[in-house]
Protein chains: 2
Amino acid sequence: MNIGDVSRESGVSTKMIRYYEEIGLIPAAHRTEAGYRTYSDKDVHQLRFIRRARDLGFSVTQLAELLTLWSDGHRASADVKRIARQHIAELEHKIQELRAMTDALKHLAEHCHGDHRPECPILEDLAGAVEVEARHMDLTRFGAGGVDPVRRKKEIH
Amino acid sequence: MNIGDVSRESGVSTKMIRYYEEIGLIPAAHRTEAGYRTYSDKDVHQLRFIRRARDLGFSVTQLAELLTLWSDGHRASADVKRIARQHIAELEHKIQELRAMTDALKHLAEHCHGDHRPECPILEDLAGAVEVEARHMDLTRFGAGGVDPVRRKKEIH
DNA sequence: TTAGGGCTTCCAACGGTCGGAAGGTCAAGC
DNA sequence: GCTTGACCTTCCGACCGTTGGAAGCCCTAA
């Protein structure tokens, strides 16, 4: 099987398969005389494993641990469970952060009239609630939409 | 004020201030004869605005829009609300994804004994539930923990 | 033999932030 | 005036995971 075949069968792009090989997550594939990578059904199976774990949000580092455990017939399921629990904790922490953001934003958005008038509690909060009056007086000349600077390698889309 | 002062007062690192200038999010600062950037209280104000918006998870692109609106005395609050609502939707979508991951993982972890034995529903699910038997028979030789490949620029920690 | 697709490697970009090197500048203390 | 140390400058790279593209070789069917 060539790399394109395993890619289709495993759902992992050829780019990523080569990358995983490069970082040592998967062993280097055998090569044909022409230098083509060749794969077996077992490799497809392993890449599917990787794909699923990635879909569950495991990092590549965690994935390496899981693969080692997967390959170890004498593993203790406690080790797997530990990795999973740790990942769950990370995910829940992330969720908490996002929740806090959305709650704060929703609260602000609810109090914004959302009409043609310029008054907006969202901007006022971002500017700093204490300084609302000052902002109205003399801070209206800011902005990124003005004269366009040089913009070397990156720019805002 | 030098860049270090604004950084301390705004909570935005000097690295990021230079970066924001480079991508055109903020205008290029004035320079002293020696080439040092100089800033005013208004710049501190603006950077605080940026800091708060970033803390709320707005992307730099969205930030550019918000800054433009902030600087526009004739803006309609509806525009700000639209950006906020869009961002809320993105955040909630992300939360949903993470929720789905944690739910799936929790379900698996609950059914894992977590003891010394190798049997583990977490790994079995990752390997593909249908092929559990096959895995036990002949797929135990996989793994990233084997012979360490060359590892050029990147490696797994 | 030619055309097309697949394969190879290498280089860069994305977003946002940080670390560090190499060198110039400024203030204080001697 | 000189040294010291904190600050500033630019430039380059790393992080993580993924994608895009270029340039060139290989394979197969027509």
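All chains are named by letter (A, B, ...) in the order of the sequence lines, taking the proteins before the strands, and each is independently numbered beginning at 1.
Between the B:T14 side chain and the B:G4 main chain, no donor and acceptor come within less than 3.5 Å of each other.
The A:R37 side chain lies nearest to C:dT9 when the options are D:dT10, C:dT25, C:dT9. Distance from the side chain of A:Y20 is smallest to D:dT18 among C:dT17, D:dT9, D:dT18. Distances from the side chain of A:M16 to the nucleotides C:dC7, D:dG17, C:dT8 place D:dG17 closest.
Mapped onto DNA chain D by nearest heavy atom, A:Y36 and A:K15 fall at different nucleotides, with A:K15 at the one closer to the 5' end.
For the pair B:E65/B:T68, no side-chain contact is recorded, criterion being any heavy-atom separation below 4.5 Å from C-beta on.
For B:R54 and C:dT17, the shortest distance from a side-chain N or O to OP1 or OP2 is below 4.0 Å. Dashed line: the shortest gap from a side-chain N or O of A:R18 to OP1 or OP2 of C:dG6 is not under 4.0 Å.
Atom CD in A:E21 sits about 12 Å away from atom P in C:dC10, given to the nearest Å. A:I17 has its CD1 atom 12 Å from the P atom of D:dT18, to the nearest Å. Distance CE (B:M1) to P (D:dC7): 16 Å, rounded to an integer number of Å. Separating the CD atom of B:Q62 from the C1' atom of C:dG15 is a distance of 13 Å, rounded to the nearest angstrom. Rounding to whole angstrom units, OH of residue B:Y19 and C1' of C:dG19 are separated by 16 Å. Atom pair B:N2:CG and D:dC8:P shows a separation of 5 Å (rounding to whole Å applied). Atom CD of B:E33 is separated from atom P of D:dT9 by 15 Å (rounded to the nearest Å). Atom-to-atom, CG of B:L47 to P of C:dT17 comes out at 12 Å; the value is rounded to the nearest Å.
Using a 4.0 Å heavy-atom cutoff across all strands shown, A:S59 reaches sugar-phosphate atoms only and no base atom. Residue contacts shown for A:S13 are limited to sugar-phosphate atoms, with no base heavy atom under 4.0 Å away.
Side chains of A:Q96 and A:E92: no donor on one and acceptor on the other come within 3.5 Å.
A salt bridge does not link A:R52 to A:D55: none of the charged side-chain nitrogens sits closer than 4.0 Å to a carboxylate oxygen. Ion pairing of B:D5 with B:R8 is present here, as a side-chain N (NZ or NE/NH1/NH2) and a carboxylate O approach within less than 4.0 Å.
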